[in-house]
S.K.: 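Starting off with a structure, shown below.
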Amino acid sequence: MSLDAVQLHLIDSIDSAFEFKRWLGERHNGYQLVDGVELLGLDSETTGLDTRNDRLRLVQIGDADTGWAIPWERWGGVAEEALTQWGGGWVLHNATFDESFFAREGINLRRDRLVDTRPMAHVLDPTYSTALKNLAAKHVDPRAKALQDDLDDAINSRGGWTWATVPITFQKYWSYGALDPVITMRLLQQLAPKMDADGSWKAYELENTVQWVIRAMSHRGAHVDREYARQKSIAFSRYCVDVEQWVREHYDLGAGSDVAIIEYLKSEGYEFTKRTKSGARYALDSEVLEAIDHPLAKAVLSRRQLLKVTSTYLSHIVEEADADDLMHPDINPLGARTSRMSMSKPNLQNLPRVSENKPHATVVRNCYTTRYGEDGVMVFSDFDQIEMRGLAHMSGDEGMLQAFVSEGDFFVNLARQVFRDDTIIKKDPRRQITKNVGYGKIYGAGIAKLALTAGISHEQAAAAMHAFDASFPGVRAFQNRVQRIALERKTSEGVGYVRSPLTHRRHPSDSGKEYALVNYLVQGLAAEMFKMKILELDAAGLGDFMVLPVHDEIIMDVPKDNLRDVIGTLQKVMNDDQLLSIPVTAGLAVGSRWGEKQDYDDAMVA
DNA sequence: GTCGCTTGCCAC
DNA sequence: AAACGTGGCAAGCGAC
């Protein structure tokens with residue numbers, strides 16, 4: 001499909017504004033939803049990517065043949081009238097982005113009439129880029145990417161133009177802008193029949209709905225104790241500098257120069273065997289360093305830990321929290337191929353977890369607090385063993401299902417079956433081994449990897465794996481079934497894939513790694529259930545409190561006056577015995593700081 | 001100076 | 001027969 005015959009217009013006069021209005025009332029080469037609602041393409045250009053602070057510059061509207069660019073400052077009235085008066089719906093690519101800017105201008109589009117090609121594309125192929133230019137190149141016209149790159153070059157090369165300063169009348173700027181709703185419309189025309197054929201609308205609906213709740217979380221922000229972060233950051237940085245100086249003085253080495261440090265330690269008689277992933281050199285990771293009894297190794301290791309904490313987790317807070325001490329991470333509702341979300345700038349899904357002998361982890365998490373001071377509390381609710389439940393559900397294995405239905409700790413129940421010993425209790429090492437095997441199943445680990453992660457011998461690992469398979473034959477059968485189906489489809493349809501039981505979402509395999517599909521199914525099922533629960537929590541009135549999604553845990557910032565209600569709603573929504581063939585349950589915790597969270601029941605007693 | 005790659009490391 | 005999955009990010013370093 002070529003973009004040759006497209007007509008692009010800039011509204012820069014009364015006449016052109018009237019022309020646009022006339023066009024809006026005519027028949028379009030657009031797209032009709034099943035209910036007869038007609039869609040037009042919609043896009044915007046802004047001063048930048050910050051949906052809370054950047055401004056609208058251009059509004060673009062079009063169908064499959066015609067695109068209009070409407071300068072917001074001069075002709076905003078024309079755009080506003082079209083956006084509010086148009087009786088149909090709109091198709092956008094990454095709808096929450098543009099909608100943020102419209103909403104800030106007081107223009108509220110009907111959410112139920114917004115169609116988004118980005119989640120559509122992800123659902124159809126979760127391994128491909130969801131950038132409009134790449135999708136356009138693949139589905140619409142290969143030249144679309146070149147045009148976009150051409151514009152990027154033009155803006156960057158012209159004496160310091162930016163997206164905020166490039167003149168609206170610069171032809172490439174407005175015309176490529178006007179082209180985008182056209183491309184989006186054509187993308188929809190290509191993808192919609194595929195959605196029908198693939199049965200992908202249910203997965204799409206989930207994504208298209210949840211993205212609004214996710215964006216609201218980002219905008220709401222996570223509150224930080226900036227001064228606390230600053231103090232800790234200074235102290236940790238000072239420590240790192242001290243260590244660097246000490247290493248320089250005593251060894252004439254850079255504390256971060258791994259290659260030089262390896263050379264020195266070798267000259268001191270220490271042996272290295274572990275190699276890096278590429279095999280290019282010896283590894284000097286934490287495992288290696290911990291095994292070396294030398295003051296230099298200890299210094300390098302401790303500096304690394306503190307540097308990581310300071311540069312990755314504390315510096316962002318000090319430098320990027322807004323005037324209200326709120327952090328607003330970018331949350332990508334479709335960050336991973338499995339439909340898990342990802343987060344960046346900063347990624348609050350990977351803050352160090354609190355445990356013994358990790359005081360710095362507590363420091364990092366304690367930077368995150370309630371915004372309501374004494375009158376508020378952070379509330380946490382996370383699914384219990386959600387991936388294991390997904391595996392039990394999808395495999396239908398009787399023993400695994402039973403372990404969830406029976407009283408007591410799930411992994412104890414599991415271990416008792418694996419080792420045929422009903423005396424096993426929580427602290428029995430066999431519980432941990434069973435847990436490792438279980439998660440190994442989910443990740444697709446082999447015996448060697450299991451031995452490594454569980455810290456047991458190859459023989460023990462093989463025996464444990466064998467015992468697990470014997471106790472839960474349904475799991476092994478499920479693994480085999482998934483691979484067989486994928487390979488059959490690879491032969492008959494050209495691509496190997498399996499589908500999520502809840503939404504019929506497609507999980508394609510990388511050729512030769514069909515075993516990983518079990519992981520995609522398990523991880524994807526958990527992600528879908530989490531998204532469904534986020535929608536339910538929002539519908540139940542908790543939308544004002546949700547702050548962060550962390551894979552299987554929702555984090556909220558709640559005024560104490562609302563605590564009882566919030567807890568009640570969480571218990572009602574997060575515990576669900578309808579979703580799977582076994583109940584889905586969730587824990588509850590509270591704390592005035594993230595690092596101080598404790599079980600809700602314990603907190604109530606205290 | 002910036003860019004891309006490798007290495008290492010944080011989470012679920 | 002054998003195969004641990006999904007992410008984001010910073011430092012170091014060589015290349016341009």
Side-chain angles (χ1 to χ4, degrees), chain A residues 126-127 156 240 244 254-262 274-289 300-301 303-316 329-355 358 360-361 364-365 382-383 385-388 390-391 436-454 461-462 465 479-480 482-483 507 509-527 530 548-553 594:
Chain A
T127 62
N156 292 327
C240 292
E244 280 154 39
S257 302
D258 292 0
V259 175
I261 287 163
I262 290 169
K274 183 178 181 180
R275 302 201 69 92
T276 60
K277 194 176 155 216
S278 72
R281 62 167 174 83
Y282 288 116
L284 193 71
D285 59 19
S286 58
E287 189 198 351
V288 173
L289 285 166
V300 167
L301 188 58
R303 170 185 169 274
R304 243 191 221 171
Q305 287 169 342
L306 273 281
L307 191 63
K308 170 86 180 171
V309 165
T310 310
S311 54
T312 305
Y313 300 110
L314 300 183
S315 67
H316 281 290
D330 285 351
I331 308 174
N332 185 348
L334 285 168
R337 64 186 294 170
T338 56
S339 78
R340 259 203 193 178
M341 293 180 253
S342 68
M343 201 183 287
S344 60
K345 294 185 292 183
N347 181 5
L348 302 183
Q349 291 181 318
N350 73 346
L351 301 194
R353 53 182 300 173
V354 173
S355 68
K358 265 174 40 181
H360 50 276
V364 172
R365 293 210 174 205
D382 66 315
F383 286 138
Q385 310 100 14
I386 193 63
E387 296 194 328
M388 281 297 159
L391 181 63
N436 286 136
V437 178
Y439 280 102
K441 290 282 173 197
I442 286 174
Y443 292 146
I447 288 167
K449 207 70 180 181
L450 172 64
L452 211 63
T453 47
M465 186 79 91
Q479 292 177 301
N480 293 340
V482 164
Q483 288 198 56
H507 290 290
S509 59
D510 293 342
S511 198
K513 297 185 80 176
E514 283 73 21
Y515 69 89
L517 286 171
V518 169
N519 176 261
Y520 301 162
L521 281 172
V522 170
Q523 198 182 105
L525 177 57
F530 186 50
L548 295 169
V550 188
H551 303 306
D552 63 356
E553 175 180 41
W594 196 344

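Quick note: numbers below take in every heavy atom, side chains included, and nothing from hydrogens, waters or symmetry partners. Predicted, not measured: the structure shown is a model, and the values here were computed from it. Note on naming: letters A, B, ... go to the chains in the order of the sequence lines (proteins, then strands), and numbering restarts at 1 for each one.
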S.K.: May I have the distance from Q479(A) (atom CD) to dC4(C) (atom P), rounded to whole angstrom?
M.R.: 13 Å
S.K.: Where the side chain of Q523(A) is defined as all heavy atoms beyond and including C-beta, which of dC12(B), dA11(C), dG5(C) is the nearest nucleotide?
M.R.: dG5(C)
S.K.: Between E553(A) (CD) and dA11(B) (P), how many Å, whole number?
M.R.: 13 Å
S.K.: What is the ring orientation for Y520(A) with H507(A), classed by angle as parallel under 30°, tilted 30 to 60°, or perpendicular over 60°?
M.R.: tilted
S.K.: Can you tell me if S342(A) touches the phosphate of dG8(C), counting only side-chain N or O atoms and a distance under 4.0 Å to OP1 or OP2?
M.R.: yes
S.K.: Below the 4.0 Å mark, does dG8(B) have OP1 or OP2 next to a side-chain nitrogen or oxygen of T276(A)?
M.R.: no
S.K.: Below 4.0 angstrom, N of the basic side chain to O of the carboxylate: do E387(A) and R340(A) qualify?
M.R.: yes
S.K.: Compare the minimum distances between each of dC10(B), dG7(C), dC12(B) and the side chain of V550(A), then state the nucleotide with the smallest one.
M.R.: dC12(B)
S.K.: Report which part of the nucleic acid K345(A) touches: base, sugar-phosphate, or nothing (heavy-atom distance under 4.0 Å, all strands).
M.R.: sugar-phosphate
S.K.: Decide yes or no, distance alone: a donor-acceptor N/O pair under 3.5 angstrom between the base of dC9(B) and the side-chain of R304(A).
M.R.: no
S.K.: Just call it for H360(A): base, sugar-phosphate, or nothing, with non-hydrogen atoms closer than 4.0 Å on any strand.
M.R.: nothing
S.K.: Looking for any heavy atom pair under 4.0 Å, which part of the strands does A445(A) touch: base, sugar-phosphate only, or nothing?
M.R.: base
S.K.: Would you classify A448(A) as touching base, sugar-phosphate or nothing, given that sugar-phosphate means primed atoms plus P, OP1 and OP2, and contacts are heavy atoms under 4.0 Å?
M.R.: nothing
S.K.: With a non-hydrogen cut-off below 4.0 angstrom, is A526(A) in contact with a base, only sugar-phosphate, or nothing?
M.R.: nothing
S.K.: What's L351(A) touching, base or sugar-phosphate or nothing? Going by heavy atoms closer than 4.0 Å.
M.R.: sugar-phosphate
S.K.: Taking any heavy-atom pair under 4.0 Å as a contact, classify L452(A): base, sugar-phosphate, or nothing.
M.R.: nothing
S.K.: Please walk me through it: do R304(A) and D285(A) pass salt bridge (charged side-chain N to carboxylate O under 4.0 Å, His left out)?
M.R.: CA-CA 10 Å; R304(A) 243 191 221 171; D285(A) 59 19; over 6 Å; no
S.K.: Taking only side-chain nitrogens and oxygens of K513(A), does any of them come within less than 4.0 Å of OP1 or OP2 of dG5(C)?
M.R.: yes
S.K.: Do any side-chain nitrogens or oxygens of Y515(A) fall under 4.0 Å of OP1 or OP2 in dG5(C)?
M.R.: yes
S.K.: So, does R281(A) get its side chain near the phosphate of dG8(B), meaning an N or O under 4.0 Å from OP1 or OP2?
M.R.: yes
S.K.: Expressed in angstrom and rounded to an integer, what is the separation of Q483(A) atom CD from dA3(C) atom P?
M.R.: 13 Å
S.K.: Is the backbone of P352(A) close enough, under 3.5 Å, to the side chain of R365(A) for a donor and an acceptor to pair up by distance?
M.R.: yes
S.K.: Which nucleotide in the set dA10(C), dG5(C), dT6(C) lies at the smallest distance from any side-chain heavy atom of N519(A)?
M.R.: dG5(C)
S.K.: Can you tell me which nucleotide in dG5(C), dG12(C), dC12(B) comes closest to the side chain of S257(A)?
M.R.: dG12(C)
S.K.: Does R353(A) put a side-chain nitrogen or oxygen below 4.0 Å from OP1 or OP2 of dC10(B)?
M.R.: no
S.K.: In whole angstrom, give the distance that lies between atom CD of Q305(A) and atom C1' of dA10(C).
M.R.: 15 Å
S.K.: In whole angstrom, what separates R275(A)'s CZ from dT6(B)'s P?
M.R.: 15 Å
S.K.: Could you please spell out the steps behind the side chain to side chain contact (heavy atoms under 4.5 Å, CB included) verdict for K358(A) and R353(A)?
M.R.: CA-CA 8 Å; K358(A) 265 174 40 181; R353(A) 53 182 300 173; 4.0 Å; yes
S.K.: Pick out which of I386(A), V522(A), N519(A) makes a side-chain contact (heavy atoms from CB on, under 4.5 Å) with L391(A).
M.R.: V522(A)
S.K.: Look at the side chain of K308(A) against the base of dC9(B) and say whether a donor-acceptor pair falls under 3.5 Å; ignore hydrogens and angles.
M.R.: yes
S.K.: Using a 4.0 Å heavy-atom cut-off, does T453(A) contact any base of the nucleic acid, only the sugar-phosphate backbone, or nothing at all?
M.R.: base
S.K.: Please give, in whole Å, the distance from dC9(B) C1' to N350(A) CG?
M.R.: 9 Å
S.K.: S278(A) has a side chain; which of dT7(B), dA3(C), dA11(C) sits nearest to it?
M.R.: dT7(B)
S.K.: Is T312(A) near enough to dC9(B) that one of its side-chain N or O atoms lies under 4.0 angstrom from OP1 or OP2?
M.R.: no
S.K.: May I have the distance from Y520(A) (atom OH) to dA3(C) (atom P), rounded to whole angstrom?
M.R.: 17 Å
S.K.: Heavy atoms under 4.0 Å, any strand shown: does M343(A) hit a base, just sugar-phosphate, or nothing?
M.R.: sugar-phosphate
S.K.: Can a donor-acceptor pair under 3.5 Å be found between the side-chain atoms of E514(A) and the base atoms of dA2(C)?
M.R.: no
S.K.: Roughly, in whole Å, what's the span from CH2 in W594(A) to P in dA11(B)?
M.R.: 11 Å
S.K.: Taking 4.0 Å as the cut-off, does a side-chain nitrogen or oxygen of H316(A) come that near to OP1 or OP2 on dA10(C)?
M.R.: yes
S.K.: Give a yes or no on whether a salt bridge exists between D510(A) and R337(A), defined as a side-chain N under 4.0 angstrom from a carboxylate O.
M.R.: yes
